[in-house]
Structures are given as structure tokens and as C-alpha cells.
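Input: a single structure, listed below in C-alpha cells.
None of the values given here were measured: they were computed from a predicted structure.
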Amino acid sequence: MTTDPLRIALCTDGVFPHAMGGMQRHSRLLAEHLARLPGVRLTVIHPHAQQVFDASLGIEEARVEGMDPGKFYLLQLWRYSRRVAAALDRIEPDAVLSQGFSVWAGMRRFSPRLAIMPHGLEMFQGLTMKDRMIGLPFRWLVRHVARRSSRVVSLGGKLTPVLERLVRGSGARVAVVPNAVELPLQPPPYPAEGTTLNLLFVGRFAFNKGIDVLLSVAAALNAERTGVRFILAGDGPERARMERDGLPPNVMLAGKVDDARLEQLYAGCHALVLPTRFEGMPTVVLEAMARARPVLVSDVGASAELVDGTNGWLLPPGDAIALHEAIKRFSAAAHGGRAAMGEAGRARVHQRFTWPMVAQRMLALAKEVAQRE
């Protein structure tokens, strides 16, 4: 058995905080934790001019020209993937991990050692005809790259059968590797009994996140004088309409928040609520669970891997009545019962969804495609 380090190339279109988004944050955390594992020589291919990782991690960085956001996205993505391919030719890694469509052009020459991570598969979850038409070229592209890879990474849950259908009849195989979160040594204390029930939403103010459902339920609960307050952290296309139409008095907008402010919001909330219409494996759900907070989330994507009756509620997407009833039940629950649900969620993260665990699973996957024991 070889003792040489396993040369892994992680290809991404951006690394947090130099680029914003769930995939970009995933790129940073995955790289940092892979680099800490013994026997790994990691190169990250990214579009940033500056060094993005701490030098002490020993991560090699291959910088390529980024995409022009003002031009046609798919063409820019194709050209970006050509530059990534040229970098891979120079690096000659044993295994290639690709975020999204970073590896596309000329991918056949990397296929035997390639694992792609398509994440949430939003293009397969469109609700309206417009959504489905917009998602059509991206559905084709997911199928194209998936069938030409060695492994396709599913976050689990309802996403796995979608990917299995896409790769059927090809040589590709689906591997389930979940999302992960940093686990604080100690969660913030659960809010004291008798305080106003604060429910936190973190996400984009957009139709797909169910922000309209949340506001309709908030208005109904306000009319019922239930004493529930909603704190909404984020921004997005629906914000202007929300402010124009007026918000229920039990809704507070926190706006865009940095990590320090987000920690304060998690500490002050009794539960996270995310009535999203489609999703992958929501990072905000993992973050709330890691901080011992119950979660009320739609049963979409891989959310059922995270939440069940022990640590929250799984709800039908877009169902305001179900969300309304779940919040009323949560409001009526004993304070100790709510805190226990939060602790159950934290225990689940500790068992399955920490970054050291997930990095080990990604390393095992990289060894598979590199054909190393």
C-alpha cells in the first residue's frame, strides 16, 4: 500500500467570505477540515486573487480567472470550467472534488477520479412553470456532469433518489455525504422560562423560502394574541414588498447579519422556523441544532435527516395551516420540553453532522475514486 500523501483537488467557484453562499461556505469548511487530516495533500482551485486560507493549514491554492457576473452565466460557467480543467492538468491530482459545475468542460479526462457535489438540486424542485423553464438547462447540466463522474455526492433524504435516477445506466454511483456544522463546545443557555417566545428565521427573503407563508402565520398569531414574536434575519427580493405592504407587529426585521450577530440571534431564540418550499440540507437548521434550539422546517430535500419529533417538526412545504398549528403546539409545550428538544437536536449533530466526521467521509470517498485502500 502506498505511503505517499493523497493528492486531492477541491474545485470551487468561490470561498467564503470572499464569495457568499452556502456552497462557498461549504468549500471553506470542507477544505480546512480535509487539510487537517493526515496523509492529505490538498489543492483548492478558486477564482480569488488573494490567498484565502491560513498558511498554517498547508493548503495549496491554484488561482484561476473568475466569472464575469454581468455576462451570460452558463457561457461564463463553461469558460470558468475550462480554466479549472487546465489547472487540474497541471496539478495532476489523485482525486478531484468538484463543487457544483466547476468541472464541466473536458471533464471526460477526469471522470475516473472525479466526485461532484451538486448540493441542493434546486433546479429539480421548481414549483411554477416559470421555475421549471428557468431550471431546464441546469437540469440538463446536472445530468450531464453526474453521468460523466465516478461519484455523485447526495446530501441524503429526498435528494438521493433524484440523483440515482439521473445516473442510472451510467458508470457513476451516488454516495451520501451530508452537510456539516461546527459544534460549539457549549450551546448558549436556553431562554429563561416566562420570556416572550422568539422564533427565528434565517434565510433569503424569497418565495422559495416560504417567507409569504411565515408572514401569513405571523399575522394570524398576532390576531390571536398568542405572544409569539418572529425575528427575520436576511434580505432578498421580497423585502421591498414586505415593507410596502406592512409587517405584522409581532415581526421584526434584523436585516443582513454577520456571524457575531447571528450567534446572538440563535442565543435569544426559542426555535428556528424555516417554511421553505425546497431545499438541500439547510445549514441554518444544522446551526440551530448545534446550539440546542428546536427546529420547525418543511419536509423537503434532506431536512428529514436532521429533524423529527424528538427535536422539532417536519411540515408540508407551503402549508400555512400546518405551520400555524405546529407553532401553537410549540407555544403550548412546557418550557422544559422545548429545551429538551433542543438538546436532542444537538446530540444528533454530535453523532452525525460535525465537520471532522464529514471530512473523514469525504476523504474515504476521495480514496475510492483514487482507487486507494
Extract all donor-acceptor atom pairs below 3.5 Å that involve side chains of residues 175-184 and protein atoms in other chains or at least two apart in sequence.
from	atom 1	to	atom 2	distance (Å)
Asn179	ND2	Met281	O	3.3
Asn179	ND2	Thr283	OG1	3.1
Glu182	OE2	His33	NE2	3.2

Query - Donor-acceptor pair, side chain of Glu61 and main chain of Phe53, under 3.5 angstrom - result: yes

Query raised in the report: Of the options Leu42, Val96, Thr43, which is the one that meets Leu10 in a side-chain contact (heavy atoms from CB on, under 4.5 Å)?
Result: Leu42

Query raised in the report: Does atom CZ of Arg79 have more than 12 heavy-atom neighbours, drawn from other residues, nucleotides or ligands, at distances under 6.0 Å?
Result: no

Query raised in the report: Just wondering, are more than 12 heavy atoms of other shown residues or ligands nearer than 6.0 Å to CZ in Arg82?
Result: no

Query raised in the report: Mind checking whether Phe205 and Phe201 have parallel, tilted or perpendicular rings, split at 30° and 60°?
Result: tilted

Query raised in the report: Among all residues two or more places apart in sequence or in another chain, which pass the salt bridge (Lys or Arg N to Asp or Glu O under 4.0 Å) test with Asp54?
Result: none

Report task. Would you give the length of the straight line joining atom CZ of Phe101 to atom CE of Met117, rounded to the nearest 0.5 angstrom? Result -> 13.0 Å

Query raised in the report: Between Ser102 and Gln99, does a side chain to side chain donor-acceptor pair (under 3.5 Å) hold up when you go through it step by step?
Result: CA-CA 6 Å; Ser102 298; Gln99 297 277 28; over 6 Å; no

**Report entry** Listed partners of Arg352 passing salt bridge (Lys or Arg N to Asp or Glu O under 4.0 Å), at least two apart
**Finding:** Glu305

Give every donor-acceptor pair under 3.5 Å between a side-chain atom in residues 230-242 and any protein atom, sequence neighbours left out.
from	atom 1	to	atom 2	distance (Å)
Glu238	OE1	Arg241	NE	2.8
Glu238	OE1	Arg241	NH2	2.8
Arg239	NE	Glu243	OE2	3.1
Arg239	NH2	Glu243	OE2	3.4
Arg241	NH1	Asp245	OD2	3.2

Report task. State which residues pass ring pair (Phe, Tyr, Trp, His ring centres under 6.0 Å) with His26; sequence neighbours excluded, sorted by chain then number. Result -> His119, Trp355

Query raised in the report: How would you list, by chain and number, every residue that makes a salt bridge (Lys or Arg N to Asp or Glu O under 4.0 Å) with Glu343, sequence neighbours excluded?
Result: none

Query - side chain to side chain donor-acceptor pair (under 3.5 Å) partners of residues 10-23, not counting sequence neighbours, each pair once - result: Thr12-Ser27, Asp13-Gln24, His18-Gln50

Query - Separation between CD1 of Ile8 and CG of Leu97, rounded to the nearest 0.5 Å - result: 6.0 Å

Contacts table for residues 307-323: side-chain donor-acceptor under 3.5 angstrom, sequence neighbours left out:
from	atom 1	to	atom 2	distance (Å)
Asp308	OD1	Thr310	N	2.9
Asp308	OD1	Thr310	OG1	2.5
Asp308	OD1	Arg348	NH2	3.4
Asp308	OD2	Arg348	NH2	2.5
Asn311	OD1	Asp308	N	2.9
Asn311	ND2	Leu306	O	3.2
Asp319	OD1	Ile321	N	3.1
Asp319	OD1	Ala322	N	3.0

Using a 3.5 Å cut-off and no angle test, enumerate the donor-acceptor pairs between side-chain atoms of residues 160-172 and protein atoms at least two apart in sequence or in another chain.
from	atom 1	to	atom 2	distance (Å)
Thr160	OG1	Ser154	OG	2.7
Ser170	OG	Val167	O	2.6
Ser170	OG	Ala172	N	3.2

Requested in this report: Could you grab the distance from atom CZ of Arg63 to atom CD1 of Ile45, nearest 0.5 Å is fine?
Outcome: 12.5 Å

Query raised in the report: Between Arg41 and Asp94, is the closest basic N to carboxylate O distance under 4.0 Å?
Result: no

Query - side chain to side chain donor-acceptor pair (under 3.5 Å) assessment of Asn208 paired with Arg277 - result: CA-CA 5 Å; Asn208 65 291; Arg277 288 182 165 91; over 6 Å; no

Query raised in the report: Of Val297, Leu200, Leu296, which meets side-chain contact (heavy atoms from CB on, under 4.5 Å) against Val273?
Result: Leu296

Requested in this report: Give the minimum heavy-atom separation between Arg113 and Pro93, together with the two atoms involved.
Outcome: NH1-O, 2.7 Å

Query raised in the report: Any side-chain donor paired with an acceptor under 3.5 Å for Arg229 and Asn198?
Result: yes

Report summary line: Value for NE2 (His46) from SG (Cys11), rounded to nearest 0.5 Å, stands at 11.5 Å

Indicate every side-chain donor-acceptor pair of residues 66-76 with a distance under 3.5 Å to a residue at least two apart or in another chain.
from	atom 1	to	atom 2	distance (Å)
Asp68	OD1	Gly70	N	2.9
Gln76	OE1	Asp68	N	2.7

**Report entry** Other residues, nucleotides, ligands: >12 heavy atoms within 6.0 Å of Arg147 CZ
**Finding:** yes

Report summary line: Residues at least two apart in sequence or cross-chain that pass ring pair (Phe, Tyr, Trp, His ring centres under 6.0 Å) with Tyr190, listed by chain then number, are His270, His335

Report task. Indicate the atoms forming the closest heavy-atom contact of Ile59 with Ala31, along with that distance. Result -> CD1-O, 3.8 Å

**Report entry** Hphob cluster co-occupancy, Val142 + Phe110, side-chain heavy atoms under 4.5 angstrom
**Finding:** yes

Query raised in the report: Does Glu32 have any salt bridge (Lys or Arg N to Asp or Glu O under 4.0 Å) partners at least two apart in sequence or in another chain, and if so, which?
Result: Arg28

